[in-house]
Amino acid sequence: MIEARHLRVLRAVAATGSFSAAARELGCTQPAVSQQMKVLEASVGTTLLIRTSREMRLTQAGEVLVRHATGILSGLTAAEEEVAAIAGLRAGRVRLVSFPSGSSTLVPAALAALRAARPGTRVSLVDAEPPRSVEMLRDGDCDVALAFRYDSVHDDSTGESTGGAAAEEWGDLVVRPLLSDRLVGLLPEGHRLAGAETVSIADLADESWIAGCPRCRRQLVDACEKAGFTPRIDFATDDYPAVIGLVGAGLGVAFLPELAMESVLPKAARTVTVEPAVRREIVALTLPDLARVPAVAATLDQLERAAAR
């Protein structure tokens, strides 16, 4: 008989690559991890791990079991939370992961409203950019992921999009759309175009660029190449205040989401509208089983309300 605790150990070993690393992650000893794996292999009647002096890898049976473990453990967590909520044992818990600009804008209002409506609900928050945040959700390391994807370049004059993320990227998840976040140009205040109402991406072809997270960086390159040039990226940082500081110091120009600008006061920099428009779709994601958990459903509702304000 396969037990949930054995599956958690197997998943930790598969993720970390060793018994000792899995033990650190699980907060137990290496011999305990080794013993749990022996019990699990005896339960299923086959070898799940191949251990050599140089590496540890899953057998085919181990890969199958790890693949199913995420859904099984997420389903068990959802069942425990839902039953506890129905029985009145606790108001629930929610593990939330969000990208930084969402953490500083949407999340505070949503969690304040959630606490007022459900005082007993416990919420934890961790910062992570997609696709890492989505991987955490699928791996059972969080209950709700605030994420985004780009709609490539959108021409407001024609209403047409020149590309877009594939719908199947989140096809296995429950997707709660929150808002469409347009990117704005950020220029040094002394820049020749700083006073313009609208700037074409092509007008910035000769500029030095400051890029953000890997997904944002790919989108920047895509937007610029569609405008006929490849951007010269001299700086890259995930920290929005750092981007604004670099722009303010005259070291380059950048694209930043409007949502990010809500929580940061630009110094020595000016925002401009950029055409064609570049937008990112911001959503809250969860697993189908978790969507039925009252505390998770309430969190999704509050995130949606916060985005509508």
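Computed from a prediction, not measured in an experiment: that's the story for all the values here.
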Is Val274 linked to Val278 within one hydrophobic cluster, defined over Ile, Leu, Val, Met, Phe, Trp and Tyr using a side-chain heavy-atom separation of less than 4.5 Å?
yes

So does Asp181 get a backbone contact from the side chain of Arg279, meaning a donor-acceptor N/O pair under 3.5 Å?
no

Single-linkage hydrophobic cluster Val39~Leu48, side-chain heavy atoms < 4.5 angstrom:
no

Sub-4.5 Å side-chain heavy-atom contact between Thr230 and Glu225
yes

Can you confirm whether Leu58 sits close enough to Leu65 that some side-chain heavy atom of one is under 4.5 Å from a side-chain heavy atom of the other?
no

Of all heavy-atom pairs between Ala269 and Val247, which one has the smallest distance, and what is that distance?
CB-CG1, 4.0 Å

Roughly how far, to the nearest 0.5 Å, is CG of Leu40 from CE of Met37?
5.0 Å

Please find the pair of heavy atoms, one from Gly102 and one from Pro108, that lie closest to each other, and give the distance.
O-CD, 4.3 Å

How far apart are the closest heavy atoms of Ala254 and Val243, and which atoms are they?
CB-CG1, 3.7 Å

Please report the shortest heavy-atom distance between Asp301 and Arg176, naming the atom on each side.
OD1-NH1, 3.0 Å

Indicate yes or no: does Arg138 engage Glu135 in a salt bridge with an N to O separation below 4.0 Å.
no

Run the side-chain contact (heavy atoms from CB on, under 4.5 Å) test against Ser124 and tell me which residues pass, sequence neighbours left out.
Arg95

Is a side-chain N or O of Ser101 found less than 3.5 angstrom from the main chain of Leu259, in a donor-acceptor match?
no

Is the closest side-chain heavy-atom distance between Val97 and Asp141 below 4.5 Å?
no

Would a hydrophobic clustering, with Ile, Leu, Val, Met, Phe, Trp and Tyr connected at side-chain separations under 4.5 Å, put Phe99 with Leu111?
yes

Taking it one step at a time, do Val253 and Leu193 satisfy side chain to side chain contact (heavy atoms under 4.5 Å, CB included)?
CA-CA 11 Å; Val253 301; Leu193 297 174; over 6 Å; no

Once you round to the nearest 0.5 Å, how far does CG of Leu179 lie from CZ of Arg280?
8.5 Å

Consider only side-chain heavy atoms of I, L, V, M, F, W and Y, link residues closer than 4.5 Å, and tell whether Val175 and Met136 are in one cluster.
no

Answer whether the closest heavy-atom distance between the side chains of Cys142 and Val126 falls below 4.5 Å.
no

Heavy-atom distance under 4.5 Å between the side chains of Pro177 and Glu304, does that happen here?
no

Output for pair (Gln36 CD, Leu7 CG), nearest 0.5 Å, gives 10.5 Å

Could you check Trp209 against Cys224 for side chain to side chain contact (heavy atoms under 4.5 Å, CB included), going step by step and ending with a plain yes or no?
CA-CA 11 Å; Trp209 285 86; Cys224 291; 4.1 Å; yes

Spell out, yes or no, whether Leu146 and Leu114 are grouped together once hydrophobic residues are joined by side-chain heavy atoms under 4.5 Å, including indirect joins.
yes

Heavy-atom nearest pair, Ala284 first then Leu300, reads CB-CD2, 3.7 Å

Below 4.5 Å, heavy atoms only, C-beta onward: do Val134 and Leu173 meet side chain to side chain?
yes

Got a second to check how far Leu49's CG is from Glu41's CD, nearest 0.5 Å?
6.0 Å

Verify side chain to side chain contact (heavy atoms under 4.5 Å, CB included) between Leu251 and Asp234, making sure each step is shown before the conclusion.
CA-CA 9 Å; Leu251 296 173; Asp234 289 342; over 6 Å; no

Using modelled atom types and a 3.5 Å cut-off, is there a donor and acceptor pairing between side-chain atoms of Arg215 and backbone atoms of Phe148?
yes

Exam field: side chain Ser133 to backbone Ser98, donor-acceptor pair closer than 3.5 Å
no

Answer yes or no: is there a side-chain heavy-atom contact under 4.5 Å between Gln60 and Thr46?
no

Nearest-0.5 Å distance, CG of residue Asp222 to OH of residue Tyr150:
11.0 Å

Charged N to carboxylate O below 4.0 Å: is that the case for Arg182 and Glu275?
yes

To the nearest 0.5 Å, what is the distance between OG1 (Thr286) and CG (Leu96)?
10.0 Å

Looking at residues at least two apart in the chain, or sitting in another chain, which of them share a side-chain contact (heavy atoms from CB on, under 4.5 Å) with Arg57?
Ile50, Glu55

Looking only at non-hydrogen atoms, find the nearest pair between Asp143 and Leu137 and report the distance.
O-CD1, 3.6 Å

Measure the shortest side-chain to side-chain distance between Leu256 and Ile244 over non-hydrogen atoms and say whether it is less than 4.5 angstrom.
yes

Please output the side-chain donor-acceptor pairs of residues 20-34 that fall under 3.5 Å, not counting sequence neighbours, one pair per line with the distance.
residue, atom, partner, partner atom, Å
Ser20, OG, Ser18, OG, 3.3
Thr29, OG1, Ala32, N, 3.2

Worked check of side chain to side chain contact (heavy atoms under 4.5 Å, CB included) between Phe229 and Asp206:
CA-CA 9 Å; Phe229 70 97; Asp206 296 327; over 6 Å; no

Taking the side chain from Arg305 and the backbone from Ala109, do they hold a donor-acceptor pair closer than 3.5 Å?
no

